[in-house]
**Q** 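Would you mind keeping the following structure in view while I ask a few things?
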Amino acid sequence: MAAFFAFNAIFVARVIYLHYHEIKYCDLIYRSNINLKFIVEILLMHIHVLQHVEFEGLGSIANWITKINAQLTWTRFYANDILPSLSGIDLLIILGGPMSIHDEDEYPWLIDEKKFLSIALHNETAVLGICLGSQLIATVCGAQVYPASHKEIGWFPIYGVETDKKMFRLPNQLEAFHWHGETFDLPTGSQRLAYSASCDNQAFQIGTKVIGLQFHLESTQSSINAIVPHCDDELIPDQPYIQSADQLYNTPSDCFFTINSQMYSILEYLTSK
């Protein structure tokens with residue numbers, strides 16, 4: 001029996017080390033009669049992404065996923081992708097988009113997305129919602145989503161609040177990237193994680209597996225550059241919380257390092273539970 005466990009420990013170690021895309025045959029697989037691809041897919045973390053528009057992607061999250069060598073799958077609603085089974089999904093990431101959660105007539109896939117998210121929350125799947133994604137979590141949990149008093153577009157501070165020790169703690173102040181015109185009430189049972197000068201609820205957490213961020217910590221200069229041409233009609237001058245296209249295109253690089261580091265911390269928090 002000891003020899004059996006020793007063999008399997010060695011086998012698993014070798015499976016983790018070898019990337020199945022890089023080998024066609026393996027004598028170890030032949031001798032043990034085990035499918036390497038199948039084993040690797042079980043061992044790897046499975047992250048599924050809900051993407052609403054082509055020009056809003058993972059940003060710096062892609063680097064983190066590559067670093068941990070996770071299995072990544074997508075539902076691209078703009079390409080009419082079909083939602084998967086939730087079985088085996090370790091983390092669900094819901095990205096942003098220019099539409100409202102109320103735009104079901106124009107984007108009927110929102111109906112199915114809300115049902116899918118409701119099941120994920122019921123199953124206690126780890127979920128990260130960003131911008132529109134956070135608003136979808138809020139509405140599925142029964143909270144109201146409505147136009148904010150001011151649109152926030154650009155770099156403005158958010159302020160972290162004291163939480164229970166088991167909750168994620170954002171910095172007391174952080175310059176974050178924003179692009180939203182709606183906001184939400186806090187879902188019942190959630191804890192507020194952050195606010196801003198113009199918006200009471202900027203982030204919330206439900207239990208230890210669900211976090212909603214109305215702002216963007218995943219942004220890179222490339223991801224911002226991709227959004228601006230599609231949404232520059234919202235860059236109305238002389239508004240208190242809207243920056244110009246020139247400001248957005250020329251963000252200091254240290255801004256990205258700070259927010260991306262926070263995003264990695266959130267991802268590690270959600271996937272360690």
Side-chain angles (χ1 to χ4, degrees), residues 45-52 56-65 68 70 72 86 89-97 101 113-114 116-143 145 152 157-180 182-196 199-219 258-273:
M45 182 186 302
H46 181 188
I47 298 173
H48 190 77
V49 178
L50 303 183
Q51 186 178 14
H52 305 104
E56 286 200 47
L58 285 170
S60 66
I61 296 174
N63 298 332
W64 181 82
I65 292 173
I68 67 167
L72 177 62
L86 279 162
I89 293 176
D90 299 298
L91 173 63
L92 180 65
I93 299 176
I94 314 169
L95 298 177
I101 61 105
E113 183 178 17
K114 291 172 185 176
F116 180 79
L117 176 55
S118 178
I119 296 170
L121 295 172
H122 178 77
N123 290 353
E124 298 186 343
T125 303
V127 179
L128 172 63
I130 300 170
C131 200
L132 176 65
S134 68
Q135 295 164 2
L136 283 163
I137 296 172
T139 193
V140 165
C141 292
V145 177
E152 288 181 292
I158 59 99
Y159 304 96
V161 300
E162 292 289 341
T163 60
D164 293 345
K165 289 184 178 180
K166 66 180 180 179
M167 298 296 192
F168 187 82
R169 180 70 164 89
L170 285 162
N172 290 336
Q173 182 172 336
L174 175 67
E175 287 288 322
F177 183 71
H178 304 254
W179 200 308
H180 64 92
E182 293 189 316
T183 188
F184 45 72
D185 290 334
L186 292 177
T188 301
S190 69
Q191 285 200 28
R192 183 173 67 158
L193 299 183
Y195 65 95
S196 68
C199 191
D200 288 340
N201 300 319
Q202 283 282 3
F204 63 85
Q205 182 171 339
I206 303 172
T208 59
K209 288 191 171 183
V210 179
I211 290 179
L213 305 174
Q214 194 156 248
F215 45 90
H216 296 265
L217 298 180
E218 83 287 1
S219 293
T258 302
I259 64 169
N260 294 168
S261 296
Q262 280 297 311
M263 176 55 79
Y264 299 153
S265 295
I266 290 172
L267 292 166
E268 289 164 5
Y269 172 89
L270 287 173
T271 55
S272 66
K273 302 303 174 185

**Q** Would you please name every residue forming a ring-ring contact (aromatic ring centres under 6.0 Å, His included) with Tyr269, sequence neighbours left out?
**A**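 Listed in chain order: Phe168.
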
**Q** Residues two or more places apart in sequence or in another chain: which of them pass side-chain contact (heavy atoms from CB on, under 4.5 Å) with Lys165?
**A** none

**Q** Looking at every heavy atom in both Leu270 and Val210, which two are closest together, and how far apart are they?
**A** CD2-N, 4.0 Å

**Q** Report the distance from atom OH of Tyr159 to atom CD of Gln173, rounding to the nearest 0.5 Å.
**A**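 One finds 4.5 Å between OH of Tyr159 and CD of Gln173.
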
**Q** Where do Phe184 and Ser134 come nearest, in terms of heavy atoms and distance?
**A**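 Taking every non-hydrogen atom into account, CE2-OG, 3.4 Å.
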
**Q** Could you check Leu132 against Ile94 for side chain to side chain contact (heavy atoms under 4.5 Å, CB included), going step by step and ending with a plain yes or no?
**A** CA-CA 8 Å; Leu132 176 65; Ile94 314 169; over 6 Å; no

**Q** Between Gln205 and Leu170, does the side chain to side chain contact (heavy atoms under 4.5 Å, CB included) criterion hold? Intermediate values first, please.
**A** CA-CA 11 Å; Gln205 182 171 339; Leu170 285 162; over 6 Å; no

**Q** Return the set of residues passing side-chain contact (heavy atoms from CB on, under 4.5 Å) with Thr163 (not counting sequence neighbours), or none when no residue passes.
**A** Val161, Met167, Arg169, Gln191, Leu193

**Q** Using the test side-chain contact (heavy atoms from CB on, under 4.5 Å), find all partners of Gln51 that sit at least two apart in sequence or belong to another chain.
**A** Trp74, Arg76, Tyr78, Leu95

**Q** My understanding is that only residues two or more places apart in sequence, or in another chain, count here; which of them pass side chain to side chain donor-acceptor pair (under 3.5 Å) with Ser60?
**A** Asn260

**Q** Among residues at least two apart in sequence or on other chains, which ones pass side chain to side chain donor-acceptor pair (under 3.5 Å) with Glu113?
**A**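 Residues passing side chain to side chain donor-acceptor pair (under 3.5 Å) with Glu113: His52.
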
**Q** Any salt bridge (charged side-chain N to carboxylate O under 4.0 Å, His left out) pairs touching residues 182-195, not counting sequence neighbours?
**A**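 For residues 182-195: none.
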
**Q** Could you list the residues that satisfy side-chain contact (heavy atoms from CB on, under 4.5 Å) with Thr271, not counting sequence neighbours?
**A** Met45, Trp64, Leu91

**Q** For the residue pair Ser190 and Pro187, what are the closest heavy atoms and their distance?
**A**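 Closest approach of Ser190 to Pro187, heavy atoms only: OG-O, 2.7 Å.
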
**Q** Go through the structure and list residues passing ring-ring contact (aromatic ring centres under 6.0 Å, His included) with His48, not counting sequence neighbours.
**A**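 Not a single residue meets the ring-ring contact (aromatic ring centres under 6.0 Å, His included) criterion with His48.
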
**Q** How close do Ser196 and Pro157 get, heavy atom to heavy atom, and via which atoms?
**A** CB-O, 3.6 Å

**Q** Is the backbone of Ile101 close enough, under 3.5 Å, to the side chain of Lys114 for a donor and an acceptor to pair up by distance?
**A**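 Pair found, side chain donor or acceptor close to backbone of Ile101.
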
**Q** Which atoms form the tightest heavy-atom contact between Ile206 and Cys141, and what is the distance?
**A**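 Heavy atoms only, the tightest pair is CD1-SG, 3.7 Å.
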
**Q** Is the side chain of Asp90 donor-acceptor paired with the backbone N or O of His46 at a distance under 3.5 Å, no angle test?
**A**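 Answer holds: yes.
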
**Q** Under the side chain to side chain donor-acceptor pair (under 3.5 Å) definition, can you give me all pairs with a residue in residues 116-125, not counting sequence neighbours?
**A** none

**Q** Return the minimal non-hydrogen interatomic distance between Gly96 and Cys131, and the atom names on each side.
**A**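 Looking at all heavy atoms of both residues, the shortest contact is CA-CB, 4.2 Å.
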
**Q** Could you measure the distance from the CG atom of Asp164 to the OG1 atom of Thr208? Nearest 0.5 Å is fine.
**A** 11.5 Å

**Q** Among Leu58, Ile65, Leu128, Ile61, whose side-chain contact (heavy atoms from CB on, under 4.5 Å) with Ile47 holds?
**A** Ile65

**Q** For residues 211-219, please give each side-chain donor-acceptor pair under 3.5 Å, one per line with the distance, not counting sequence neighbours.
**A**
residue : atom : partner : partner atom : Å
Gln214  : OE1  : Gln135  : NE2          : 3.3
Gln214  : NE2  : Thr183  : OG1          : 3.3
Gln214  : NE2  : Asn201  : O            : 3.4
His216  : ND1  : Glu218  : OE2          : 2.8

